[in-house]
Structures are given as structure tokens and as C-alpha cells.
Amino acid sequence: MTSNEAASPAGARSGVDGAAQAGRPAATTRVTSRDVARAAGVSQAAVSLVLGDKWRGRVSPGKAEAVRAAARELGYRPNLAARSLRMGRTRTVLLVVPALTTEFFARVYTGAARIAAEHGFGVVLYPSPEGIGPARDPFDSAAATLDGVIASSMAAEALTPLRDADLPLVMLDSDPDDDRADATVNLDIADGIRQLTGHLSALGHRRITHLAADVASWTFEVRARAVADSLRGLPGAQLRRQPAALGVEAGLHAAHAALTGPGPRPTALLCDDDIIAAGACKAVRRLGLRIPEDVSVTGFDDLALAVAVEPELTTVRLPAEEFGEAGIRALLTVLDGRPADAPTLPVDLVVRGSTAPPPGAPGNAARPGGQ
């Protein structure tokens, strides 16, 4: 065939006919579920089950994979509007978070949105005023606009207006015994605290002040209990508690009070989050003390801030994106009419330069001066 023949209208028609003969629609034709079914050698009902993630026990794994492969090859995109009408769903969920002042909740949203998109859902992000509500209904009618709600790090009472819409609710970082939620997904906060206190006690610290977030929230109550429980049986341990609002300045003032109060000065400040810890670091330096030679400081969350301070913070890393993913999976399970798991995701201690043995302990004097 000459180049002129290849470019001829007849040649173009042959290409279209070839695609049709191969079971693929022409490039200008919208791909339908019927095309996917034909290419995969299954029924349209099977295509709907597989792409709606409802195939298990009804379609064989081999045929399910054939459907997914055909959909990818053909570039099939389901008509979500038509599917929503058939299913009576909006395919939209609401993610309520306390604030957008740290990247943690942005990462929770990223994880949730990624899994939601894989199932044809969208996620609307809604920061609740003051973090613990009350969170008003952000729509004229949440029930008509949403399929469900995921609420992160909030008291269930804050969601009363949304719960009045009788929407499925998945709570993140919340009391697993609260039966108002259809499912609860948590991080192993208590274990994170145990890892921190174990690290400090192994270094030799006995005078520890807990800079505790002054927020009425289940997650911070868990931290306070875990700190006390972890140090209760430690010989010579002296635990104090200093409340602090969530902020750098609040952390600074709380740490200053802890370090200048009556009695022996604490050798370690265990902070409920990295933001409070950043303020604590400022207080230590302003008092002419060194981190970690005079005072060790720990955070919680492992935000970008943890490596922006000097020395970098010893903290607990929370898997934020995986947290969001687990939340949306739980909600999708509830929407599918099945009982959802209540997973608790593991967390990890990250040891950096802000912790060392206490003053006078072996290994401390030989360290270079801190900041």
C-alpha cells in the first residue's frame, strides 16, 4: 500500500471498520457498558457489578479482571448521573474536619478523595467552626445533597444538624463505643503515647511535664490517660500536667510556666502535638536553656513543622492519608448495607534531635550544644 492509499478516505474507513470488528467502538463514539461487556465476553449486568464493586460472590475473579481490563483498554467512563438516578444516590460525601491550619487534615482529605474517586464518589471538605462544633448543615438539605458524612477528630454532638438528616456517619479519631456513629476508624493514639513515654524513660527522664491540649475531645483524653498510665509504675517518676491551647504562642506560655514553676524543673516536655511543641522549643530557648541538653521536647503528629524547628522534633508519625482511605472505605461499606470494620491504624515513633538523656546523665555532657 502506498502512502497516498494509507491516507485515503477508504483507508480511514478501513481503520474504523477494523476497530468495530475487533469489538472496539470508533474513536468518535462514546464507549458504553455494552461495548465493555462485548469486549470482555460478559453480560452488561456483570459489567455493572464489577465496576460498581459488587461482583464478589456473583462474578468470577477472572471475569471481573476481564471487565476491568476491557474498561481500561476502551477508556470507558461510567455515566455517574444515570447511575445515581438508578441507585437513588448523589455519590457525594462530606468530610468534616476541625480546621485546615495544618497539613494533617489536608492529607486525610487526599486519602479519602483518592479512594472515593476510584468508586465514582466525590468528597466535599468542610472545616467546622472551632473544631468541636456545632457544625451547621452546610447545604439547604444535606439529605438531598449527600450520601454520607465522615467526621474527623470531632465530638459526635457537634454533628447534630447533620445527623438529623439521618445520613450514614463514620467517625475518625473518636470514641469507638459511641453508638451514634455507623462506624469508627481510629489511630493507635495510646500506643503512640506509650512509645514516647517509653523513649523518654529509657533515656533516664523522670521529671516529665505533659503539655496537654486544652480541648474537650476524645483523642486528647486518650493521650492524657495514656501518659498517666505509662508513667504510673515507673520508679521515681514525677508527672505534671500543664494545659495548653492548640497554638505556638499557647505552647510557649505553657512551657514557660512549666519550666519556671515551683519545684524541680522538668527534664522533658511531652507535648500533645507538634504545634504546641514548637512553642515549647521557643520557651526553652528564651529561658537560655538548650534542647536537648537541658530539656528534651517531644511532639505528636509529625507535621512538616517537626523538621522545620532546630533541633528537629522527636514525635509520633500518624498515617494521615491511610486514615482518610480507611474512613471512606468504611463509609462505602455502610452505604453498601454491610457492617463496617473498625480498624485502628498503627503509628510510629520518630526519634530526632530534640531528645537526649537528662542533665547529668551519662551521654548528655558529651553532646554538642543545642539550640
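Here, residue 1 is the first one in the sequence, and each next residue gets the next number.
One distance of note links CG of L269 with CD of Q242; it measures 10.0 Å at 0.5 Å rounding.
Looking only at atom types and distance, the side chain of T32 has a donor-acceptor partner in the side chain of D35 under 3.5 Å away.
Under the 4.0 Å criterion applied to side-chain N and carboxylate O atoms, E65 and R72 are assigned as salt-bridge partners.
Side chain of S354 to backbone of P311: no donor-acceptor contact under 3.5 angstrom is found. Listed for the D214 side chain is no donor-acceptor partner under 3.5 Å among the backbone atoms of A245.
Open room surrounds CZ on R58; 12 or fewer heavy atoms of other groups in view lie less than 6.0 Å from it. At most 12 non-hydrogen atoms from other residues, nucleotides or ligands lie less than 6.0 angstrom from CZ of R34. Around the CG atom of D229, the shell of radius 6.0 Å holds more than 12 heavy atoms that belong to other residues, nucleotides or ligands.
Looking at heavy atoms from C-beta onward, T92 lies out of side-chain contact with F121 at the 4.5 angstrom threshold. Looking only at side-chain heavy atoms (C-beta outward), D348 and V316 stay at 4.5 Å or farther from each other.
Evaluated for a side chain to side chain donor-acceptor pair (under 3.5 Å) with T267, the options Q238, H205, R206, R207 yield exactly one hit, H205. For the side-chain contact (heavy atoms from CB on, under 4.5 Å) test with L345, the passing option among D188, N186, L187 is L187; the others fail. For the side-chain contact (heavy atoms from CB on, under 4.5 Å) criterion with R352, the lone passing option out of V309, D302, T298 is D302.
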Worked check of side chain to side chain contact (heavy atoms under 4.5 Å, CB included) between D272 and L211: CA-CA 6 Å; D272 263 350; L211 298 192; over 6 Å; no
